[in-house]
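Data first, discussion second: the structure below is written as structure tokens.
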Amino acid sequence: MGVKNIAGLEHVAPRSAGGAIDTGWYVLGGLPVQSNVPLPLPRLYPSDGTVPSWVIRYGAGQPRPMPGIPEEVLDSLWRGPAGSDRDQEGLLAGQYPDGLWFWYRAGHSFRIAPDARLIEVFPAPGADVRFIGQTLCGPIAGVVLNVLGHATLHGSAVVTPHGAVGFLGPSGQGKSTMAASFVRRGAALLADDMLVLETHQNTVYGRPSESFIKLWEPGATHALGPAHGGRSIPRTDDKKVVWLDGAYALAREPAPLRALYVLDRQATSAKATVDVTSLTLAGRERIAAILIHVAQSSYLATPAMARLLPTLTRLVSQAAVRVLRYPDGEEMQERVYAHVLAELVGS
């Protein structure tokens with residue numbers, strides 16, 4: 001693709017000397033993206049003739065209004081658990097002729113065009129552009145990649161001495177914390193929260209993602225140590241963005257996936273002891289477990305899901321799919337690490 005990294009983060013909308021909003025180039029999900037909305041990624045210089053996989057821009061005019069929902073019902077939805085029409089960040093979505101619309105509780109709106117080649121952003125007044133950038137690199141990118149046919153799982157992944165391993169699960173199960181604990185023990189980070197797949201010669205690889213990982217405190221300290229140096233994400237006081245480049249190993253090339261673990265973290269008490277165990281899935285259970293964890297799958301139309309099936313089917317025939325049950329707590333991370341590596345060696 002011919003791009004050159006430029007160090008640094010953009011925390012305010014960059015403007016040219018004439019005052020116009022600057023357009024930057026980035027790599028997101030392994031693909032070139034052009035955006036005049038700053039993203040929390042290194043800026044890039046494209047080679048001549050580079051064509052963006054999709055374009056991000058501030059929208060003109062007024063966004064589509066959020067569906068008419070009574071305030072008391074809407075408030076209940078915002079507070080409720082994750083579901084098919086919202087997530088833990090207060091997200092609603094709707095499909096319309098002009099594309100897929102997302103509305104956030106903070107007042108931001110996003111439109112993904114029907115062909116997924118354009119994203120329009122409508123920030124709320126006084127919006128922190130860092131939150132907008134995190135959203136564009138997370139749930140919005142997950143939808144776009146899958147619509148464009150780049151199978152993307154809601155998961156994190158690392159490369160160990162015995163092969164690449166992915167961790168899947170809903171928000172709060174500890175995917176990023178698990179990946180970080182492996183990275184601290186010498187594994188290389190392959191992806192955090194968004195695992196993009198690609199196929200070469202009938203083998204499914206995970207693409208390297210951005211060089212940061214998002215962790216809750218005190219999980220960041222538990223997984224990476226007290227000197228992790230994370231920066232708070234604006235929408236919360238606790239979640240941190242931890243840049244790993246130069247501090248921990250990063251996967252620089254796609255890696256074939258050896259195993260996928262669906263996380264089942266168990267709360268422990270003084271009266272109950274939970275051991276580290278795993279259950280290998282077989283038959284239809286394997287593909288069912290993967291389909292549940294396709295990034296933002298509830299927002300994908302049937303044709304988009306159908307395009308992903310060949311890659312996902314190939315993946316479950318190549319990699320073991322296991323449910324990993326383990327107790328929470330920092331002291332269990334070493335045991336989980338040893339358990340997973342032992343299964344990789346034995347398989």
Side-chain angles (χ1 to χ4, degrees), residues 29-31 141-170 173-176 178-179 182 187-209 251-264 276-326 336-347:
L31 301 173
V143 173
V144 171
L145 285 161
N146 280 318
V147 172
L148 294 179
H150 303 275
T152 303
L153 301 178
H154 183 205
S156 299
V158 296
V159 180
T160 77
H162 307 290
V165 182
F167 304 110
L168 309 178
Q173 274 296 309
K175 300 180 297 295
S176 296
M178 182 70 72
F182 273 63
L189 180 69
L190 183 64
D192 175 45
D193 206 43
M194 191 172 68
L195 177 56
V196 185
L197 308 175
E198 61 181 54
T199 303
H200 296 294
Q201 297 180 345
N202 293 323
T203 299
V204 180
Y205 292 72
R207 286 183 191 164
S209 70
R252 302 294 184 182
E253 301 292 336
L257 290 159
R258 287 278 316 278
L260 295 167
Y261 285 88
V262 179
L263 301 185
D264 182 18
V276 179
T277 60
S278 59
L279 171 66
T280 301
L281 301 181
R284 294 180 180 178
E285 292 179 326
R286 295 178 300 171
I287 191 66
I290 298 301
L291 287 172
I292 290 172
H293 295 101
V294 171
Q296 307 298 321
S297 59
S298 59
Y299 307 125
L300 299 179
T302 300
M305 287 294 292
R307 286 194 295 272
L308 308 180
L309 280 175
T311 297
L312 300 178
T313 302
R314 193 171 290 120
L315 175 61
V316 299
S317 67
Q318 160 189 318
V321 181
R322 301 183 176 110
V323 177
L324 179 64
R325 190 181 190 200
Y326 65 101
V336 173
Y337 177 79
H339 178 90
V340 171
L341 257 62
E343 289 196 325
L344 288 175
V345 171
S347 61

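Heads up: numbering here begins at 1 and tracks the sequence.
Considering only heavy atoms from C-beta on, Met194 stays 4.5 Å or farther from Ser209 through its side chain. Side-chain contact between Val144 and Thr152 is absent, with no heavy atoms from C-beta onward closer than 4.5 Å. Side-chain contact between Arg325 and Leu263: absent, with no pair of heavy atoms (C-beta onward) separated by less than 4.5 Å.
With Asn146 contributing its side chain and Val294 its backbone, the two residues share no donor-acceptor pair below 3.5 Å. Not one N or O on the side chain of Thr313 forms a donor-acceptor pair closer than 3.5 Å with the backbone of Pro310. Using a distance-only test at 3.5 Å, with no hydrogens or angles considered, no donor-acceptor pair links the side chain of Ser278 to the main chain of Val276. Between the side chain of Arg207 and the backbone N or O of Gly30 there is no donor-acceptor pair closer than 3.5 Å. At least one donor-acceptor pair closer than 3.5 Å links the side chain of Arg258 to the backbone N or O of Leu344.
Smallest separation of non-hydrogen atoms from Val336 and Phe182: O-CZ, 4.4 Å. Listed here is the closest heavy atom pair of Val196 and His150: CG1-CB, 4.3 Å. Pairing each heavy atom of Ala251 with each of Ala188, the nearest pair is N-CB, 3.7 Å. Nearest approach of Gln296 to Val143, heavy atoms of both residues: CB-CG2, 3.4 Å.
There is a side-chain donor-acceptor pair under 3.5 Å between Arg322 and Thr280. Between the side chains of Thr203 and Gln318, no donor N or O sits under 3.5 Å from an acceptor N or O.
Taking CG of Leu315 as the start and OG1 of Thr199 as the end, the distance is 8.5 Å to the nearest 0.5 Å. The line from CG of Leu153 to CG of Leu195 is 5.0 Å long, rounded to the nearest 0.5 Å. Rounding to the nearest 0.5 Å places CD1 of Ile287 at 10.5 Å from CD1 of Ile292. Separation of atoms CG (Asp264) and CG (Leu279) is listed at 10.0 Å; rounding is to 0.5 Å. Note that CD1 of Ile290 is 8.5 Å distant from CG of Leu197, once rounded to the nearest 0.5 Å.
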Discussion item. Val323 vs Tyr261, test: side-chain contact (heavy atoms from CB on, under 4.5 Å). Steps then yes/no.
Written reply: CA-CA 6 Å; Val323 177; Tyr261 285 88; over 6 Å; no
Fill in: Audit row: Tyr205, Glu253, side-chain contact (heavy atoms from CB on, under 4.5 Å) steps and yes/no
CA-CA 9 Å; Tyr205 292 72; Glu253 301 292 336; over 6 Å; no
Return all side-chain donor-acceptor pairs below 3.5 angstrom for residues 154-170, not counting sequence neighbours, or 'none' if the list is empty.
| unit_1 | atom_1 | unit_2 | atom_2 | d |
| --- | --- | --- | --- | --- |
| His154 | NE2 | Asp193 | OD1 | 3.1 |
| Ser156 | OG | Asp192 | OD1 | 3.2 |
| Ser156 | OG | Asp193 | N | 2.9 |
| Thr160 | OG1 | His162 | N | 3.0 |
| Thr160 | OG1 | Gly163 | N | 3.3 |
| Thr160 | OG1 | Gly163 | O | 2.8 |

